[in-house]
Amino acid sequence: MTPVHFAFSSAFILGLTGLAFHRTHLLSALLCLEGMMLSLFIALSLWTLQLDSTNFSAAPMLLLAFSACEASAGLALLVATARTHGTDRLQNLNLLQC
């Protein structure tokens with residue numbers, strides 16, 4: 001495994017462990033998801049550059065567009081929960097209540 005592959009895989013694993021074990025605030029969960037998506041974007045970009053293929057050149061931009069949509073939906077949920085519940089702590093959110 002090259003150092004570049006190790007760096008991106010460790011960045012993805014670090015975001016995944018942050019999402020799994022540090023779930024106190026919704027904002028920290030969203031930041032971990034965004035870090036995972038950015039590491040996937042950079043890894044996919046480098047993979048298409050290493051292949052020297054134009055067939056996969058649109059895939060990193062498509063992933064970046066989906067991650068931007070995911071980030072905007074997450075921020076909209078963050079604002080909505082902060083307005084209704086007064087906090088973004090995940091322990092205070094009960095999804096069974098309206």
Side-chain angles (χ1 to χ4, degrees):
M1 181 180 279
T2 64
V4 174
H5 290 103
F6 178 72
F8 294 126
S9 62
S10 63
F12 182 80
I13 296 296
L14 187 65
L16 187 65
T17 55
L19 184 64
F21 296 124
H22 188 65
R23 294 185 303 179
T24 56
H25 294 281
L26 182 59
L27 184 62
S28 64
L30 289 174
L31 284 174
C32 289
L33 277 174
E34 195 63 30
M36 289 169 57
M37 290 299 286
L38 286 176
S39 68
L40 283 177
F41 168 72
I42 293 172
L44 190 61
S45 298
L46 288 178
W47 181 62
T48 56
L49 285 175
Q50 286 177 352
L51 286 180
D52 290 332
S53 176
T54 58
N55 294 337
F56 299 114
S57 62
M61 294 306 291
L62 187 65
L63 181 72
L64 193 62
F66 281 134
S67 69
C69 292
E70 174 257 335
S72 65
L75 286 177
L77 285 173
L78 177 70
V79 168
T81 56
R83 284 184 180 171
T84 57
H85 296 286
T87 183
D88 69 332
R89 290 184 58 88
L90 291 176
Q91 294 172 350
N92 295 340
L93 299 179
N94 189 0
L95 296 178
L96 298 176
Q97 280 182 331
C98 291

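The model shown is predicted, which means the values in this text are computed figures rather than measured ones.
With rounding to the nearest 0.5 Å, the separation of CG in Leu14 from SG in Cys32 is 7.5 Å. Considering OG1 of Thr81 and CZ of Arg89, their distance stands at 13.0 Å, rounded to 0.5 Å. Taken from OG in Ser45 to CZ in Phe8, the straight-line distance is 9.0 Å, to the nearest 0.5 Å. Note that the CG atom of Leu31 and the CG atom of Leu26 stand 10.0 Å from one another [nearest 0.5 Å]. Atoms CD1 and CZ, from Ile13 and Phe6 in turn, are 10.5 Å apart once rounded to the nearest 0.5 Å. To the nearest 0.5 angstrom, Thr24 atom OG1 is 8.0 Å from Asp88 atom CG.
Using a 4.5 Å cut-off on side-chain heavy atoms (C-beta onward), Pro60 and Leu63 make no contact. Looking at heavy atoms from C-beta onward, Leu30 lies out of side-chain contact with Glu34 at the 4.5 angstrom threshold.
No side-chain N or O of His25 forms a donor-acceptor pair with one of Ser28 less than 3.5 Å apart.
For the side-chain contact (heavy atoms from CB on, under 4.5 Å) test, no residue two or more places apart in sequence or in another chain qualifies with Ser72.
Scanning both residues, Ser39 and Ala11, for their nearest heavy atoms gives CB-CB, 4.1 Å.
The stretch residues 29-54 participates, sequence neighbours left out, in these ring-ring contact (aromatic ring centres under 6.0 Å, His included) pairs: Trp47-Phe56.
Connection of Leu77 to Met36 is not established within any shared hydrophobic cluster, with ILVMFWY side chains joined at heavy-atom distances below 4.5 Å, either directly or through further cluster members.
Membership of the apolar cluster around Phe66 extends to Leu62, as traced through chained side-chain contacts below 4.5 Å between ILVMFWY residues.
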